[in-house]
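Reading through the structure tokens given below for one structure.
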Number of protein chains: 2
Amino acid sequence: MTEIQQDVPEVVVARLPQYLRTLTQLIDQGMQVISSQQLGEQLQVTPAQIRKDLSYFGRFGKQGRGYSIAHLVDRLRHILALDHDWTVAVVGIGRLGRAIINYPGFGPEGFRVTCAFDADPALVGQKAGGLTIHPLSQIRDVLEQKQVKIAIVAVPAANAQEVIDQLVMSGIKAILNYAPFAAQTPADVQVRSIDPVLALQSMTYYVQAPG
Amino acid sequence: MTEIQQDVPEVVVARLPQYLRTLTQLIDQGMQVISSQQLGEQLQVTPAQIRKDLSYFGRFGKQGRGYSIAHLVDRLRHILALDHDWTVAVVGIGRLGRAIINYPGFGPEGFRVTCAFDADPALVGQKAGGLTIHPLSQIRDVLEQKQVKIAIVAVPAANAQEVIDQLVMSGIKAILNYAPFAAQTPADVQVRSIDPVLALQSMTYYVQAPG
DNA sequence: GTATGTGAAGCACTTCACAGCT
DNA sequence: AGCTGTGAAGTGCTTCACATAC
């Protein structure tokens, strides 16, 4: 397993998956070598930033030539711990939760949704996208037993903190939060929020003309 | 209309909607006044940061007391141009596009989805969530005529840049992009991407233990 | 010649700490 | 006494520019 560098800025880690995605696409197009300049053009990032970002993890390029795309993809997948699959739990099997379970974009990237939970007794025991829906009371048992580390939260905002607290107690270390609220977690638990309303609201400032 | 301050950092603008959301919730709970300390606890932000952020736009607090929540909400809504509704177009009426049209979270925040577009001739003319689906060829006519400034892109990644180019040519100034790729736009067009896979991939780095 | 890797410089955001208002 | 508003200090990320390697 890759050693975690103590002093890698979070923004750097956040850019690596973007590099990885673009590089993967370029491989599919038959490209074999790329310079930081070329990659930067694709992603609207300066070449210096790409080189600096990668330098936190090692020396992956060849001076005078650039980077072997296949090699760099391998290294990035390893750094990001994407060289094996991850099992994922989904909590909240309403409209949104079902869409998440059926979303075809997670599987190819190695994220396998394998557990589903909901608070509604009418849903418990039913199936959603091939998964049996468990009651919230079983979160801890199931997640500890399956050693699940990643959860997706798709419950109403009013119940979300309560659910997240349970997930944290069950050993979850990464949460993808779809509930529109500010989640509170211990420092060793990662949270990323999917929040389209906040995204829209941070753009209107720059538009400022009704339409 | 609020003057746009030239030198407001983007990160500050991105935090204002979070403040606004929390303040709105607190009003509903009957709270009337709040200190930067209290608001910071809700949002995991330092009090100094909140005061500094707000100071870019004016002096909204009362020394010794704090901020009138109702007043601050009004001011934030005005600063963010959220004191009127916005019409929104959706491009790509597949599974995801339909979910977006039917998502109940946009309307209450003043975002009205009023136009739908898709490239598939089989869909054109049909209805989705009460909206008639138009062909891509009509993007420019419809958006210019209705003066739409905000669009949501929910097409496959392979077609997304092409669609975004058309939107930009049609006068769109803010794009909420659900396609998993790095969109390219002119500097005066805002883009925010909703990308759950990137979010997951930037968390696995910190977990680093399979599950 | 060409592109990387990297200390150093530059820039931008955050936090401090206190004057000033209530 | 309490809390805001804000210059100044501090911190961290980005960009520069060049030695180094191919």
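Quick caveat, the model's predicted, so the values are computed rather than measured. Chain identifiers are assigned alphabetically (A, B, ...) following the order of the sequence lines, protein sequences preceding nucleic acid strands; residue numbering begins at 1 within each chain.
DNA chain D lies under 4.0 Å from at least one heavy atom of each of the following residues of residues 27-35 of chain B: B/S35.
A side chain to side chain contact (heavy atoms under 4.5 Å, CB included) with A/F181 is found for one member of A/D195, A/N159, A/I164 and no other, namely A/I164.
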Under 4.0 Å protein heavy-atom contacts per nucleotide of nucleotides 13-22 of chain D, with B for base, S for backbone only and - for none: SSBBB--BBB

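Atom C1' of nucleotide D/dT4 and atom NE2 of B/H71 are separated by 14 Å, given to the nearest angstrom. Separating the CD1 atom of A/I50 from the P atom of C/dA3 is a distance of 14 Å, rounded to the nearest angstrom. Protein atom CD1 of B/I69 is 12 Å distant from nucleotide atom P of D/dT4, rounded to whole Å. Between the C1' atom of D/dT4 and the CZ atom of B/R75 lies a distance of 16 Å, rounded to the nearest Å. Protein atom CZ of B/F60 is 15 Å distant from nucleotide atom C1' of D/dT6, rounded to whole Å. Rounded to an integer number of Å, the gap from B/Q44 CD to C/dT14 P is 16 Å.
Under the side-chain hydrogen bond (donor to acceptor under 3.5 Å, both in side chains) criterion, A/D165 pairs with A/Q161, not counting sequence neighbours. Partners of A/K173 by side-chain hydrogen bond (donor to acceptor under 3.5 Å, both in side chains), not counting sequence neighbours, listed by chain and number: A/D188. The salt bridge (Lys or Arg N to Asp or Glu O under 4.0 Å) check on A/R95 picks up nothing, with sequence neighbours excluded. Evaluation of the side-chain hydrogen bond (donor to acceptor under 3.5 Å, both in side chains) rule for B/S36 yields B/R51 as partners, not counting sequence neighbours.
In plain terms, the two heavy atoms of B/P196 and A/I194 that are nearest each other are CA-CD1, 3.9 Å. In terms of heavy-atom proximity, B/I101 sits nearest to B/A128 at CG2-O, 3.9 Å.
Note that OG1 of A/T204 and CZ of B/R77 are 10.0 Å apart. Values are rounded to the nearest 0.5 Å.
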